[in-house]
Structures are given as structure tokens and as C-alpha cells.
A.B. asks: 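Here it is: the structure, laid out below.
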Amino acid sequence: MSRSRRAEPVALIPLLRFRAVVRHFLGYRFSDEEVRSIRTVLARAPRIQGRLLADAFVEQIAGEPHLAEVWYADEDGDPLITVLTRTFDDALEMRLHEAFERLVDSFGEPRLGRLAIHALDEPHPAPPGLRLFTSPTASHATA
Amino acid sequence: LTPPTAQDHRDWAAENERFYYDELGGCHSSWPQWAMPALFYAALHELQAFFVDCGLRPATHKQRSDVLRHPLNRATLGPLLLQRYRRLESLSRAARYECVVHNDAQFTRAEQALEDVRNEIRRLGPVHLVPPPGVPLA
């Protein structure tokens, strides 16, 4: 029975990549038993990978200057990450896109999610979802 | 019916851009809710012409995004084309769905983004692109 359970296809994050991402960002190494449990959880709740992606993205960009807030929303199973910057910065926009695509690559799913970037001092839509990050130097930006 | 050629898409892009500048009035348009989408669809047809020249015919926004974001294609194309196209797509989406009225600086950056998309496509020329699953060949 356990043999057939292990053989079930799981169309989610390849586990080795998932392990590497978690180890890289959280410094924690999962045991084989824990990985099997995580696999079960992910198989039952595939949207978790979107939130994992968002959290890992926040980790990666938290030190960026001009960063104000990062928001996360689930768009029919695809994550939408909205970044609000204090002011528009061309180079920052490029770095954020590159960081996002690198991270998506590391998750092994090249079509995962969408990144939207807006400047707080310009007209922009209200970010949907949950605020994951507020820059300590941008407290004026938060309502 | 035959599918549109790369030149058909380029002509459509030029028409959208003409519509933006001549009919809508560019960045000082009285209809900003249409001005930003006009710029984006000019870029979309430039991109589609490029894809057809490269042997692909993506049919949806998602498929175009899939082609641009495929890791091997990103290595071929570099970061600028994807990033500028994303900028236009995001601004257009905000105008269409979120009732955002963009300011002059945003329109100026959008105009520049369209120019950058064109320049990047010209610089690259037809290249080999990997078709992601589900994307039709031209």
C-alpha cells in the first residue's frame, strides 16, 4: 500500500527543489519522513505553493531600497504578488522582475504566478489580498 | 481564412499606436482608460509579429507570457523585453479593470516601454524559441 502511495503522481513542486528552497530560505533540512508528510499536505492543498513562493520572494527582496509593501493574493490558484515601491525606480523594477523569475525557476514551475509593481506616489490600484511585508522605513505608506 | 502574417500584426501595432497619438491625444488624452490599453495592444501585436517570425503563434495572454517566461527563452531574449512588456500589461490592466487614471510620467514610461519592445525585437531578429506546452506553431 505504501508502495502504491509513493508512486502517485504529484504535479506540484518537485520535492528536491522544494527541499532546496526551504533549506536555502529557512535554513532547515527536512527529514525523509517530513518530506513525505509535506508531500501529502501539498497534494491536498496545491495553493500552498503560491504562498511559499510569496514568502520566499519577500525574504529575497526585503533589503531593497524604496520598497514599501508586498501583498499576496490567490487568483484562481495562481499567486499574484503586488509590490508597492515608495517611488518609481526603473532599476528596482528590473531587479524585482528578475528575482521573481529566478524564484519561480527554483520552484520548478515556469508559469507560476504574476508580479505587479506599482509606485505609491503615482496612481495605482489597491493591492488585493494579504499584506506580507511593510518596510520599516516606509511606515508613512501604510494606512 | 488564413492566419495573420507577421506583417499583418506589425500593421495592427502601427494602427494602435496611431490611434493612441492621433485619435486619443497621447498622454494628454481625454480617454485615459483607452489610451493605456492602446499602447499595450500596440506592444502585443509587435510581440505577436516577432513570435510568428520565430515560428510560434500563442493565442492568449497566458500563452504569450508562457513563451516569454520559459527559462530557455529568457536566456535567449534577455530581461528587457519581458520586463517592458510586463510594465505595459500591468498599466493597461490597471486602466481597464481598476479604473486607474495614470499620470503623465506613467504615460511617458509606457511610450518608452513600447519603443523599447520594438528596439529589442529589432535587435534580436528571428531567433529559436522553445514552445511551451499548448502554444501553437505558426
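A, B, ... follow the sequence lines: proteins, then strands. Residue 1 opens every chain. Side-chain atoms are counted along with the backbone in the values below, which use heavy atoms only and exclude waters and symmetry mates.
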A.B. asks: Determine whether H97(A) and P79(B) make a side-chain contact, defined as any pair of heavy atoms from C-beta on separated by less than 4.5 Å.
C.D. replies: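 Not in contact.
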A.B. asks: When clusters are formed by joining ILVMFWY residues with side-chain heavy atoms under 4.5 Å apart, either directly or through shared neighbours, do V58(A) and V83(A) land in the same one?
C.D. replies: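 Yes, one cluster joins them.
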A.B. asks: Do the side chains of F100(A) and R86(B) get nearer than 4.5 Å, heavy atoms only?
C.D. replies: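 No, side chains not in contact.
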A.B. asks: Indicate, with yes or no, if L80(A) and L52(A) share a hydrophobic cluster defined by side-chain heavy-atom contacts under 4.5 Å among Ile, Leu, Val, Met, Phe, Trp and Tyr.
C.D. replies: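 Different hydrophobic clusters.
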A.B. asks: In terms of hydrophobic clusters joined by side-chain contacts under 4.5 Å, are V117(B) and L129(B) together?
C.D. replies: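 As far as the 4.5 Å side-chain criterion goes, L129(B) and V117(B) are connected within one cluster.
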A.B. asks: Where does L91(B) contact chain A at under 4.5 Å (heavy atoms): side chain, backbone, both or neither?
C.D. replies: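 Neither part; nothing is under 4.5 Å.
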A.B. asks: Is there a path of hydrophobic side-chain contacts, each under 4.5 Å between heavy atoms of I/L/V/M/F/W/Y residues, joining F133(A) to L130(A)?
C.D. replies: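 Yes; tracing contacts between hydrophobic side chains, which count when under 4.5 Å, links both residues.
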A.B. asks: Is there a side-chain contact between R93(B) and P125(A) (heavy atoms, below 4.5 Å)?
C.D. replies: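 Sidechains of P125(A) and R93(B): no contact.
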A.B. asks: Quick one: of R87(B), E89(B), E98(B), who has the most non-hydrogen atom pairs under 4.5 Å with chain A?
C.D. replies: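 Highest number of heavy-atom pairs under 4.5 Å: R87(B).
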A.B. asks: Spell out, as yes or no, whether a donor-acceptor pair under 3.5 Å connects the side chain of Q106(B) to the backbone of P123(A).
C.D. replies: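 Such a contact is found between Q106(B) side chain and P123(A) backbone.
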A.B. asks: Assess the residue pair R114(A) and S65(B) against the criterion (side chain to side chain contact (heavy atoms under 4.5 Å, CB included)); give the C-alpha distance rounded to whole Å, side-chain angles, the decisive distance to 0.1 Å, and a yes or no.
C.D. replies: CA-CA 10 Å; R114(A) 190 162 69 82; S65(B) 175; over 6 Å; no
A.B. asks: Check whether any side-chain heavy atom of E101(A) sits under 4.5 Å from a side-chain heavy atom of Q83(B), and report yes or no.
C.D. replies: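 SC-SC contact between E101(A) and Q83(B) ruled out.
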A.B. asks: Determine whether L82(B) and L44(B) fall in the same hydrophobic cluster, where Ile, Leu, Val, Met, Phe, Trp and Tyr are linked whenever their side-chain heavy atoms lie under 4.5 Å apart.
C.D. replies: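 Same cluster: L82(B) reaches L44(B) through Ile, Leu, Val, Met, Phe, Trp or Tyr contacts under 4.5 Å.
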A.B. asks: Determine, for D105(A) against R74(B), whether the closest basic-nitrogen to carboxylate-oxygen distance falls under 4.0 angstrom.
C.D. replies: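 Salt bridge flag = yes for R74(B) with D105(A).
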A.B. asks: Within a strict 4.5 Å, meaning less than it, do heavy atoms of the R109(B) and E122(A) side chains meet?
C.D. replies: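 Yes, close enough: below the 4.5 Å cut-off.
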A.B. asks: Closest heavy-atom contact between H124(A) and V100(B)?
C.D. replies: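 Reported closest heavy-atom pair: C-CG2, 3.7 Å.
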